[in-house]
Amino acid sequence: MSDVVEKTLTALPGLLSLDSQPGAAKLSATSRLGTLVRSITELTSKNEEEKLIKKELAAIKEQVSSPNTTLKQMKEIMVRAIYCEMLGYEASFTYIHAIKLAQQGSVLEKRVGYLAVSLFLHECHDLLLLLVNTVLKDLQSTNLIEVCMALTVVSQIFPKDMIPAVLPLVEDKLTHCKEIIRRKAVLALYKFYLIAPNQVQHIHDKFRRALCDKDPGVMTASLHIYLQLVKERPESYRDLTESFVTILKQVVGGKLPVDFNYHSVPAPWLQMQLLRILALLGKEHQRTSEMMYEVLDESLRRAEINHNITYAILYECVKTIYTIHPKSELLEKAAKCIGKFVLSPKINLKYLGLKALTYVVQQDPNLALQHQMTIIECLDHTDPIIKRETLELLYRITNSQNVSVIVEKMLDFLQQSKDEYTTIDLVGKLFPISCHTYAPDNSWFIQTMNAIFSMGGDVMQRDIPNNFLRLLAEGFDSDEEDRQLRLLAVDSYLLLLQRDTSGLPQRFLQVISWVLGEFSFLKEGLEPGEVVGQLTKVLDHDAITVETCCWVLAAMSKLCGTDCALHRAEKVAQRYAGCLDTVLRQQTVELELLGRDLDLRTRVLPQHSVRDHLEVDSSLSFLDGFVSDALACGAAPYKPPHQRQEELSQEKILNYEPYGLSLPISLSACNLTDRQSPTALSLSSGLSGNSAEPSLKAGSNSLKLEGVKRVWGKQGYLPEKEPPDEALALEPSSFLAPSPQQGAAESHQTVVSPTIEQDQEKRQLASSLFVGLGSQNTPCLMGKPETSSQRFRRKARPEEFSAISKSPAVSSVFSSSNSAMDDLLDDVVSEPIGVCPLVEPAVVQNHSDSMSDAVPAVDATELVVASEAPVSSLTGGSMPLGQLSSQLGQDLESSLASHLPGLLSGLLRSGIEELCSGEGLSLSACKVYDDDALVLAIFLSNTSDSSIQEVSCLLSSEQLQLKGLDESSCSFTELKGHGVAVSLYRLVMEAPSTQAMVRGSVSVGSQATQSFSLTLSLVDFIRPLPLTTEQYGRMWLSFSHDVKQNLRLLEDEEVLLDSAVTALKEKLRLHIVDVIGPEGILACQLVPERPCLLHCHAQGGTLVLWLRSPGADLPDCLLYHCQKAIQER
Amino acid sequence: MIRFILIQNRAGKTRLAKWYMQFDDDEKQKLIEEVHAVVTVRDAKHTNFVEFRNFKIIYRRYAGLYFCICVDVTDNNLAYLEGIHNFVEVLNEYFHNVCELDLVFNFYKVYTVVDEMFLAGEIRETSQTKVLKQLLMLQSLDADRASGVATHTHSERLQCDPRLCAVQPSGSIANTRLK
């Protein structure tokens, strides 16, 4: 061995001749890196390594600070510093030298400098600002390599704020004669698009040019940008579909140079990128989809070589086929492909097969049926990622009949998994499916929730325990069942508390204490003192948090009904009386007070109050007297947090003044707003005479039932579109023709062997997992008597039929609760709390005055209909859509406008646009520009003669806050023949963005029939802000966030400003404050109450736009629209 | 989108770490250790994919080295798996039959190869001929020193490196050579 080592050492100097010139100085420098690397490789312990590197870093530090160090030596030092950093030792003192090296060095040294910078620094590092000038210089260099290096570093790390500085230079590079430069420039723009999309909005046409570049490499690079763009707004890029299809056709056909081949497959990564873009374009759009059928078919056909890379393409292809508007022929081929993947002996392919199955199973559940035995095998695979994917697949096919088996499997996995992220994800999925929607019975539900809470621990999302408590509190339709459910919960929790509770997560303890406090009275013969005793034990644990203590004390306050309980509770209260935590101390005081005063307690904490619908006085008007007294005594007036924040940031100095009197009353206000506090659930909302409504409702916004609900209905699976090959897939493959495994099992049946038993276990598992899958007339594989009863007679029978015999009963019990669930969800969506911030009446008045003179015309054409609803399979055919819409288009305005409520009639509005129609129901929309919000009116017109019952229209949006105008406006019990109903929503844009998407669905009965989506622009939320020049000046100085942009317009100076300002006024509804010479100032606000000021200055042919606002994103987003408005004049 | 690229040996020594997402230094070390823990325990019969926080890692083992790419969960696993292989094939061309030592001593050149093939978190260049052309162009800057790499036989160097010998893998794709 030592011999071997020696040999290495002699070989190393030759290996380490990193530098070009031989020479004594060079050699010593290079061998330093060599020595470093070599000695580290030889070390065995981490400790020694640390010592060595510390020494090395000290040496480096000395060298870099020495004035005699040449750039060449510096370059070598940098490489060593990179090595140390890579091993995890900080060498921050070299950062500045890396920047210097990039700035001053020759090409070779520059390269190392740039490399070091890109490895040392991150996007937000302050030192990066020092690099900007170097980059600018190098971008203008005539040396191609320098330009390349600058572009590389720009697309890796570049400060967001400095993008405008380099943007014109990078744009110029798009027309550079070298393809590598064009390519890197495109990627740099892609990076800019990712970190600051608004800055590159104006160069979209240049992206198009890049897409049409004669070099395939540049075109490939531009696809990265297009994938992002299409993801955000597919409708704007549908016109490019044909280009993408043509490109893909050429690539697949082998028209590219051989250079692009990888293992003789032509440009595979390019193919995949194109397929992804096509999937996004064709989604929910039939015409676009039709354009790509042919090329998809060809891709499938060509990818036949047995190599990973072709499988990668196939996988992408299959996903695309299942995403776009379906074509049965292609679906069939894709399904075959998935089958090949799933059955492959290669584990990577099997995994991808499962992933593909998961993706398509909701559209085509029969495919899962075909592969059920493989799926069962994967459930026990040793590779956790396979298991996990299988569970994901099962999760998608959950119904009320197989839920218990699936939940059991998921809980098993959860128990073994230690990973926090897996736990969060799985618990997030477990909760909705084990919820009442699918739960077989109450005790199962409670037990499952116990398991979820104990395993989910404290990492699960906060809203899960909240939602669970809400379910318990609000109950379902039948009182008796609610009582039973609560009683079961109380029973099981009492049992849990008797055991060792130290291992229970805090969140679970909180749930337990709330339930016991609220519902333990339901258990007859249970002495409250006993419950208090049990809860006291919980408090004894060391690990208990203050938050949990509060929950426990709150529960105790509700339980002081008897002397014994009171006595025990008071003892506990004494323990915390001197506690320093204010919330806990408040809780203690409340416990003492309420314990003593029975009258007060019954008033404040009425037993079983949660069921009653109580009015919430959210304005807290009952506190007015108290507040005015406090103000009279000199207390500081209350300011909302954002206002305080703003004032702080404006002053930017420390506050040396003492804060105002801290008043005990602020506690109850705080309780109402603080969702986490247990008191928000019952206690102090009770103080104000209210139920648990606000906190629960607010939490429920994130209840993750949506995705599940759409696919599953009362009757089980509701296929969104008719699987075209349903009959084909059902009959032969899944029932008559046994899969290979099944066949094997049959032949073994005559010989009694242990494998049969195993196999049968698997079959039973399969039958319980896949029950209820597929369409309604084919309940399950095992339950089909003529094919399977004989085969499985001996063992499988009890289990086999138990699920089925149980199912009618189950469904009858739960059908009622299902609809309760639906109602509940409707409620949640239609009236979230606190959507529309209050606006002072005076301001509203002010704005509406100015509105009428400032806005000459409203552009109605911006309403974009994004999708046509998939026509429900129940009706079979659909109306001829085109005919209907043209007929509607003519008299839409006149017929529908009269249905707008009088309240809105005085306001400006857009034209009425048709959204979608079908099944006798046609939808149109109109935007009404109210002063403090955008009101969206959805017209539901019944085009048939008969009346439609139970119509409701629901909107949702990720970017916008929305709220039904009043409760009656979102659902209608009856819509008469040829009648029109109007559903009104108020929309507010909380976080500014250039545009926002609103999705909506209309349901008749409980079934969603049509869905649509609307794109709203920021402009819809912009209102003029009338200001005087003085006011403007003051505000301008006080706003901190600004954006500046130069527009080159090549027009005459005077005309330029005038026409630009007019365009801004007309298109964006900005208020013109003043125009003085070459400068103009305008003002607007984003409703409600977020001002934005604009200053434009014409210089030669350039218009300088400068926007300022108190918020960060608004100027950015508005700038985009201003540019658009000016350029489209 | 690629979040980071890591090359580690079996002992967890970093041979290359390229980040496309912002992490602070401590977090980077933590990630490196976590990736090592997650990847090395996996069986050769397992998939080349593993879930990692909110992302996934696509990894492939060559001799004693693990090449790991961390990507978004929605990304195509096989595409990146082959991306790794493409990268290794380029390294193999560039270093003429590459071994771990090449990567150790020329780690800064490997970074250059990474930058040529991956940029802004995306696969930038997949054509091996093009990448090699560009690399050779950069190399020509170093003028007369290109010969340094090929002065000794690889088998010699491989046997000599004590650590590489110790971690010689049993099966899989493994020769002592990468690839």
Side-chain angles (χ1 to χ4, degrees), chain A residues 1 4-5 7-8 11 14-20 34 37 41 79 82-83 86-88 90 107-108 111-112 115 119 122-124 145 152 155-156 180 184 187-188 190-191 194 217 221 224 259-260 262 267-269 272 308-309 311-312 315-316 347-348 351-352 382-383 385-386 388 421-422, chain B residues 13-14 16-20 22-23 25 28-29 32 42-43 45-51 53-54 76-79 81-83 86 101 104-105 107-108 111-112 115 119-120 122-130 134 137-138 141-145 148-149 151-152 156-157 159-163:
Chain A
M1 190 65 188
V4 172
V5 172
K7 243 175 162 179
T8 323
L15 172 69
L16 294 170
S17 62
L18 289 171
D19 273 86
S20 37
V37 174
T41 321
V79 176
I82 295 177
Y83 192 72
M86 189 173 81
L87 293 181
E90 197 202 289
V107 178
L108 200 59
R111 215 175 101 209
V112 176
L115 176 68
L119 291 171
H122 56 77
E123 261 160 48
C124 304
I145 294 176
T152 309
S155 29
Q156 292 191 27
I180 183 130
K184 290 205 173 188
L187 270 169
Y190 166 67
K191 178 71 179 181
L194 289 182
H224 291 303
D259 273 3
F260 289 89
Y262 173 76
W269 287 277
M272 288 182 253
N308 265 347
I309 198 69
Y311 294 128
Y315 175 71
E316 213 56 68
I347 191 72
N348 284 342
Y351 174 73
L352 281 194
T382 52
D383 188 354
I385 197 171
I386 296 251
R388 180 74 202 284
Y421 293 88
T422 318
Chain B
K13 269 255 153 26
T14 313
L16 177 132
K18 181 85 196 170
W19 310 92
Y20 295 96
Q22 192 180 322
F23 299 105
D25 290 346
K28 283 182 188 171
Q29 279 315 304
I32 289 176
R42 288 176 62 83
D43 196 288
K45 278 179 279 178
H46 286 175
T47 51
N48 290 79
F49 323 123
V50 63
E51 282 178 343
R53 302 200 175 182
N54 290 328
N76 185 328
N77 298 33
L78 279 184
L81 190 63
E82 287 308 296
N86 196 18
L101 266 188
V104 177
F105 286 104
F107 68 92
Y108 68 97
Y111 277 110
T112 316
D115 283 348
L119 198 60
E122 301 290 346
I123 298 179
R124 182 183 81 83
E125 178 62 270
T126 56
S127 156
Q128 294 184 10
T129 34
K130 290 203 168 190
Q134 183 72 8
M137 203 260 281
L138 289 173
L141 291 175
D142 295 69
D144 41 358
R145 91 98 216 285
V149 181
T151 43
H152 31 231
E156 194 180 25
R157 281 157 56 197
Q159 283 163 11
C160 296
D161 187 61
R163 224 163 245 213

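The analysis underlying the following values was restricted to heavy atoms, covering all of them including side chains, and did not include hydrogens, waters or symmetry mates. Chain naming here is simple, since letters A, B, ... match the order of the sequence lines and numbering starts at 1 in each.
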Turns out that what part of A/Ile309 lies under 4.5 Å from chain B's heavy atoms comes down to both
If one checks every heavy atom of B/Thr129 against chain A at 4.5 Å, the contacting part turns out to be side chain
Any Lys/Arg nitrogen of A/Asp383 or B/Lys45 sitting under 4.0 Å from an Asp/Glu carboxylate oxygen of the other?
no
When you compare the side chain of B/Tyr108 with that of A/Leu115, does any pair of heavy atoms fall below 4.5 Å?
yes
Which atoms of B/Phe49 come close to chain A, meaning under 4.5 Å heavy atom to heavy atom: side chain ones, backbone ones, both, or neither?
both
Heavy atoms only, distances under 4.5 angstrom: which of A/Leu194, A/Leu187, A/Thr422 has the most pairs with chain B? Name it, please.
A/Leu187
When the 4.5 angstrom heavy-atom criterion is applied to A/Leu87 and chain B, the contacting part is both
Would you say A/Ile347 and B/His46 make side-chain contact, with heavy atoms under 4.5 Å?
no
Largest heavy-atom contact set with chain A, pairs under 4.5 Å, which of B/Gln128, B/Lys28, B/Gln134, B/Glu51
B/Glu51
Tell me, out of B/Leu81, B/Asp43, B/Leu78, who's got the most heavy-atom pairs with chain A below 4.5 Å.
B/Leu78
Is B/Gln29 close to chain A through its backbone or its side chain, or both, or neither, when contacts mean heavy atoms under 4.5 Å?
side chain
Can you find a pair of side-chain heavy atoms, one from B/Phe107 and one from A/Ile82, that are under 4.5 Å apart?
yes
By a 4.5 Å heavy-atom criterion (distance strictly below it), what part of A/Leu119 contacts chain B: side chain, backbone, both, or neither?
both
Highest number of heavy-atom pairs under 4.5 Å with chain B: which of A/His224, A/Glu90, A/Glu316, A/Lys191?
A/His224
Hydrogens and angles aside, do B/Ser127 and A/Asp259 bring a side-chain donor and acceptor to less than 3.5 Å of each other?
no
Within a strict 4.5 Å, meaning less than it, do heavy atoms of the A/Arg111 and B/Thr112 side chains meet?
yes
Side-chain heavy atoms of A/Asn348 within contact of B/Asn77, under 4.5 Å
no
Under 4.5 Å, counting heavy-atom pairs only, tell me which of A/Phe260, A/Tyr311, A/Tyr351 racks up the most with chain B.
A/Tyr351
Is chain A contacted by the side chain of B/Glu125, its backbone, both, or neither, given a heavy-atom distance below 4.5 Å?
both
Is any side-chain heavy atom of B/Asp115 closer than 4.5 Å to a side-chain heavy atom of A/Gln156?
yes
Flag side-chain contact, heavy atom, 4.5 Å: A/Trp269 against B/Glu82
yes
Let me know if A/Met272 has heavy atoms under 4.5 Å from chain B in its side chain, its backbone, both or neither.
side chain
